Amino acid sequence: MAQKPSIPKGTRDFGPFEMSRRNYIFTTIRQVFEKYGYQPIETPAMENLSTLLGKYGDEGDKLLFKILNSGDFLAKADSGLLQEKNSIKLSTQISEKGLRYDLTVPFARFVVQRRNDISFPFKRYQMQPVWRADRPQKGRYREFYQCDVDVIGSNSLLNEVDLIRMIDEIFKRLNIKVIIKLNNRKLLSGIAQTINQPERLTDITVAMDKLDKIGVEKVYDELRDKGLSQDAIDHLEPILNLSGNNTSKLNCLKELIGDTSDGSRGLAELNEILSYLNQFELDAEIEIDQSLARGLNYYTGAIIEVKAADVMMGSICGGGRYDNLTGIFGLPDVSGVGVSFGADRIYDVLTELKGFPEDAATTSKALLVNFGGKETEYALQVLQQLQVAGVASELYPDAAKMKKQMKYADQKQIPFVVLIGEEERTTGILSLKNMKTGEQQKISLPQLIEIVMNK
RNA sequence: GUGGAUGUAGCUCAGUUGGUUAGAGCACUGGAUUGUGGUUCCAGGGGUCGUGGGUUCAAGUCCCAUCUUCCACCCCA
């Protein structure tokens, strides 16, 4: 027997059933993006490695898929490195392209390259697959789609408000109850300053970020492992243990870190965003979460993360403000803010919630049974008229047994079958069978078109 | 990258302390029904048991390696 075919680890095929559901998600997201004035762009699946490397931290660099150069690439490689079998050093010589890791960095590259053609603020959305050489597990794939929406070239916090409103509207349309968590990178700096460990910001935030997952004690353990003094940890305690509603959290934070410059600015930004949001009726719960850190590598202001309220799953949407992402490509002082919706995780959440609309599958409205000979020719005429009228319809390609053709319609969930045999051809009165009820009626073509169209 | 589980027909799985020809359900094909699907009945096709080594008279079953998928960690959508 031939070898069993398979696809690479962490990738998936999508059949018609999955595709109609995926398209439901993409369409919903796209409609909202466009309603708020964002425009679509696309960028290549592969980027130069120089564009990607160093933008996501060491961990990110490891997870990049690299593409081998074409041709006899080993001949051009340093023979010493080949001898050493030093993969890391060698890879820079035999690979200069990689698959994109996210949509934000390629977007920054895009903006820098076209800076003279773009009018700022530039509001764009982008829905494309990204690739990460991660180990797959629940809710984690090596190829997955992100739906990014960003505005670049504006410092206004109204953009953050815009994004949060879009998040709210999208998940409202998808019928997913969500919690939108907000934090601010400046607030995190303020915390680090307050406990006199400003240079330990990353360690502190990475540990704090796990608060939800591992609990306070484990966070303290991790901080101790990282070499933080007990004194500093004691200072951190009231901040970690903050609870209550957003207002009381913010008030407490003001007491605790309000006297640091970063802390007070972060608090001011959060307050401003919240007061704008008060003017809107949002379905989602907005929660200030002082432990939220996320990627951190390029975020400088707001940090946003969205979780489904009723399903255990990693975040389904996340993002934040980055003040200088384009700076690394030579365009400094352009601030942007954006979020990314994880389409695949949203799919998984909707599956668990049984939240997809019923008739999502894309299929013909009518199947014409093929009887062969003159009947086939007549059926082609009928088919043409149905299609001219805009009815998605098809003629079974072979004059197969009726049973087989009926079964085909049944399995494709085609709601109507049209029978055109000798009798129908000579009289011009067609037999229309409703596959759901099993009822069959004899009607003229115009009547048929009307019935099927109204279904 | 680290740790744990897993792999038998297209799919979901059974397979006794190692023992002769590896089973079931679903799916598929044909028939009962030569112009009627989704129900029923009958028949049929389909497996070098993930791959490669080893132990044994004998391996789906035991041992080692490797790959796959899944779960957790790291990290993340």
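Reminder, nothing fancy here: chain letters follow the sequence lines and each chain counts from 1. Since we're looking at a predicted model, the values are computed, not measured.
- Counting only heavy atoms from C-beta on, A:Lys403 has its side chain closest to B:G37 among B:A77, B:G37, B:C70.
- Between A:Tyr125 and A:Tyr38, the ring centre distance reaches or exceeds 6.0 Å.
- Considering only the side chain of A:Glu59, B:C75 comes nearest among B:C75, B:G37, B:A77.
- A donor atom on one side chain and an acceptor atom on the other are found under 3.5 Å apart for A:Tyr36 and A:Glu169.
- Taking only side-chain nitrogens and oxygens, A:Lys401 comes nearer than 4.0 Å to OP1 or OP2 of B:G31.
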Pairs under 3.5 Å (N/O, protein and nucleotides 3-5 of chain B):
unit_1, atom_1, unit_2, atom_2, d
B:G3, O6, A:Arg135, NH1, 3.0

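- For A:Phe144 and B:A77, the ring-to-base geometry satisfies the stacking test (centroid distance below 5.5 Å, interplanar angle below 30°).
- A:Gln137 has no side-chain polar atom (N or O) that falls below the 4.0 Å cut-off from OP1 or OP2 of B:C70.
- Of the candidate nucleotides B:G35, B:A77, B:C70, B:G35 has the atom nearest to the side chain of A:Gln440.
- Side-chain atoms of A:Arg140 lie closest to B:C74 of the nucleotides B:U68, B:C74, B:G38.
- Under the 6.0 Å cut-off for aromatic ring centres, A:Phe341 and A:Tyr145 do not qualify, their centroids lying 6.0 Å or more apart.
- For A:Lys210 and B:C74, the shortest distance from a side-chain N or O to OP1 or OP2 is below 4.0 Å.
- In this structure, of B:G35, B:A77, B:C74, it is B:G35 that holds the atom nearest to the side chain of A:Leu419.
- Under a 4.0 Å N-O distance rule, the pair A:Lys138/A:Glu352 qualifies as a salt bridge.
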Exercise. In dot-bracket notation, what is the pairing pattern of RNA chain B, taking Watson-Crick (N1-N3 plus N6-O4 or O6-N4) and G-U wobble (N1-O2 and O6-N3) contacts under 3.5 Å, with [ ] crossing and | for other strands?
Worked result: (((((.(..((((.....[...)))).(((((.......))))).....(((((..]....)))))).)))))....
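- Note: A:Phe110 and A:Phe122 have parallel aromatic rings, judged against thresholds of 30 and 60 degrees for the angle between ring planes.
- Of all nucleotides listed (B:C75, B:G37, B:C71), B:C71 comes nearest to the side chain of A:Lys138.
- Taking atom CZ of residue A:Phe341 and atom P of nucleotide B:C76, one finds them 20 Å apart after rounding to whole Å.
- Minimum atom distance to the side chain of A:Gln411 is reached by B:C28, of the listed B:C28, B:U36, B:C74.
- A donor-acceptor contact under 3.5 Å is formed by the side chain of A:Lys433 with the base of B:U36.
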